[in-house]
Amino acid sequence: MQREDDRDPQSADFAKAKDDISDRIRQEAQSAGEALHDARDEVARRAGAYAAEAQQAVSEKAEQTQRDIGSSLSAFGGALRAASNHLANSDQTAASKFMQEPQAGSSGCPPR
């Protein structure tokens, strides 16, 4: 019976160790879950910030492109007016009128 008495303290130590390890695993799993949740929240926050920055950059670029196109069209219109004036002053009245007057039924662009 001495052997059974020897096993009881060993069994108790084993059960305690097993419980301690199980508790530690639960704690670590909970800690890892919280860390994962925090990391997910941080990733979502940063992704939102990057998306807002990208949207702002695209918006600014679109506005600049719109201004550039407007400037280019204005310069082109000025060049057409200058050419028309030059033709009018060079006794090329018919060509000058053609450049100044929009064509009927078109968007102002010459036919193809």
Side-chain angles (χ1 to χ4, degrees):
M1 290 219 177
Q2 191 174 12
R3 287 187 180 198
E4 288 179 9
D5 291 339
D6 289 342
R7 280 197 255 169
D8 286 342
Q10 288 177 352
S11 291
D13 288 344
F14 180 75
K16 184 178 181 326
K18 181 180 169 186
D19 288 343
D20 289 346
I21 290 172
S22 294
D23 288 343
R24 180 65 184 211
I25 289 172
R26 274 192 291 280
Q27 289 172 353
E28 292 298 328
Q30 182 178 358
S31 178
E34 290 169 359
L36 183 60
H37 183 266
D38 291 346
R40 184 189 69 210
D41 289 347
E42 180 66 13
V43 167
R45 185 189 66 76
R46 286 187 182 188
Y50 291 145
E53 287 178 25
Q55 185 177 14
Q56 180 65 29
V58 167
S59 179
E60 289 172 3
K61 184 66 175 172
E63 289 173 6
Q64 181 61 44
T65 301
Q66 188 177 15
R67 286 191 296 272
D68 291 348
I69 289 171
S71 295
S72 295
L73 288 174
S74 179
F76 182 67
L80 288 177
R81 282 188 296 282
S84 175
N85 289 338
H86 177 74
L87 290 172
N89 293 333
S90 300
D91 204 20
Q92 299 289 328
T93 310
S96 174
K97 284 183 180 179
F98 176 77
M99 289 187 65
Q100 289 177 349
E101 296 177 10
Q103 303 298 311
S106 74
S107 62
C109 297
R112 291 183 182 187

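The figures that follow rest on heavy atoms only: side chains count, while hydrogens, waters and symmetry mates do not. A quick note: this is a predicted structure, and the numbers were derived from the prediction, not measured.
Here the straight-line distance linking atom OG of Ser84 with atom CG of Asn89 works out to 9.0 Å at 0.5 Å rounding.
The salt bridge (charged side-chain N to carboxylate O under 4.0 Å, His left out) check on Asp41 picks up nothing, with sequence neighbours excluded. For Asp20, the side-chain hydrogen bond (donor to acceptor under 3.5 Å, both in side chains) partners are Lys16, not counting sequence neighbours. A search for salt bridge (charged side-chain N to carboxylate O under 4.0 Å, His left out) contacts involving Arg40 returns nothing, not counting sequence neighbours. Partners of Lys18 under the side-chain hydrogen bond (donor to acceptor under 3.5 Å, both in side chains) rule, at least two apart in sequence or in another chain, do not exist in this structure.
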Check: residues 62-69 side-chain donor-acceptor pairs under 3.5 Å, at least two apart:
residue: Gln64; atom: OE1; partner: Arg67; partner atom: NH2; Å: 2.8
residue: Gln64; atom: NE2; partner: Asp68; partner atom: OD1; Å: 2.8
residue: Thr65; atom: OG1; partner: Lys61; partner atom: O; Å: 2.9

Please tabulate, for side-chain N and O atoms in residues 47-59, each donor-acceptor pair with protein atoms closer than 3.5 Å (sequence neighbours left out).
residue: Gln56; atom: NE2; partner: Glu60; partner atom: OE2; Å: 2.8

